[in-house]
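Here, residue 1 is the first one in the sequence, and each next residue gets the next number.
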Amino acid sequence: ALQQAVVAARNVAGYFDGRPARPFAYVPLGELLAYGPADASGSLLPGLDRRAGGPSSRDGGDGASGSLLEPLLDLDGAPAALARRLIYAARMPTPEQRLTALAGLARSSAASSSSSASSSAGV
């Protein structure tokens, strides 16, 4: 929806400026699933090879729309959870919202590291 919104907004503005509408082309960026605050899994960036004009390894090299693409990066566990939170922050529409999301990430990281330290100290 975020990708399509950008094209839709430009097409509406272009209509009023007398420019022709541009078609929308979806680029799959991957999936991330959170299991909890510090656990997730996902496959990221499967659409980058097509966006750059290169053939996908699963579509026979013809670049056919709608085919499955190999992910460039598979993540699990804490690295996936961190990537998910960083991507979420990066996709926020304003700098203030990005900072708020990053501050939440910093708070949750600090809380989880202090609880880990407490549990390892036997507290």
Side-chain angles (χ1 to χ4, degrees):
L2 292 173
Q3 292 178 36
Q4 194 170 21
V6 172
V7 175
R10 287 182 182 152
N11 283 341
V12 169
Y15 173 81
F16 291 108
D17 292 339
R19 291 178 284 155
R22 298 180 66 184
F24 171 70
Y26 175 72
V27 178
L29 298 175
E31 304 172 322
L32 285 166
L33 175 66
Y35 302 122
D39 192 16
S41 66
S43 297
L44 302 175
L45 310 173
L48 288 186
D49 58 342
R50 176 160 303 134
R51 182 176 236 180
S56 167
S57 61
R58 284 195 192 170
D59 67 7
D62 64 358
S65 166
S67 60
L68 297 174
L69 299 173
E70 288 286 338
L72 295 180
L73 182 62
D74 283 323
L75 294 173
D76 286 308
L82 177 61
R84 182 183 162 277
R85 296 287 299 266
L86 290 172
I87 290 168
Y88 173 79
R91 299 295 297 213
M92 290 287 107
T94 67
E96 293 81 13
Q97 289 170 316
R98 286 184 210 113
L99 287 174
T100 300
L102 290 172
L105 173 61
R107 280 191 302 273
S108 67
S109 295
S112 67
S113 64
S114 68
S115 68
S116 295
S118 296
S119 64
S120 67
V123 175

Under 3.5 Å, is there a donor on one side chain and an acceptor on the other for T100 and Q97? no
Hey, any chance [X] and [Y] share a hydrophobic cluster, counting ILVMFWY side chains that come within less than 4.5 Å of each other, even indirectly?
| X | Y | answer |
| --- | --- | --- |
| L44 | L33 | no |
| L32 | L82 | no |
| I87 | L105 | no |

Closest non-hydrogen atom pair between [X] and [Y], with its separation:
| X | Y | result |
| --- | --- | --- |
| P23 | V7 | O-CG1, 4.1 Å |
| A81 | P37 | CB-O, 4.0 Å |
| R98 | P93 | NH2-O, 3.6 Å |
| A80 | A40 | CB-O, 3.4 Å |
| G77 | D39 | CA-OD1, 3.3 Å |

With sequence neighbours excluded, give me every salt bridge (charged side-chain N to carboxylate O under 4.0 Å, His left out) pair touching residues 10-36. D17-R19
Counting only heavy atoms not in Y35 (residues, nucleotides, ligands), do more than 12 fall under 6.0 Å from its OH? yes
If you define the side chain from C-beta out and look only at heavy atoms, does anything of Q3 sit under 4.5 Å from L29? yes
Does the side chain of L102 reach to within under 4.5 Å of the side chain of L86, using non-hydrogen atoms? yes
What is the distance from atom CG of D76 to atom OG of S41, rounded to the nearest 0.5 Å? 5.0 Å
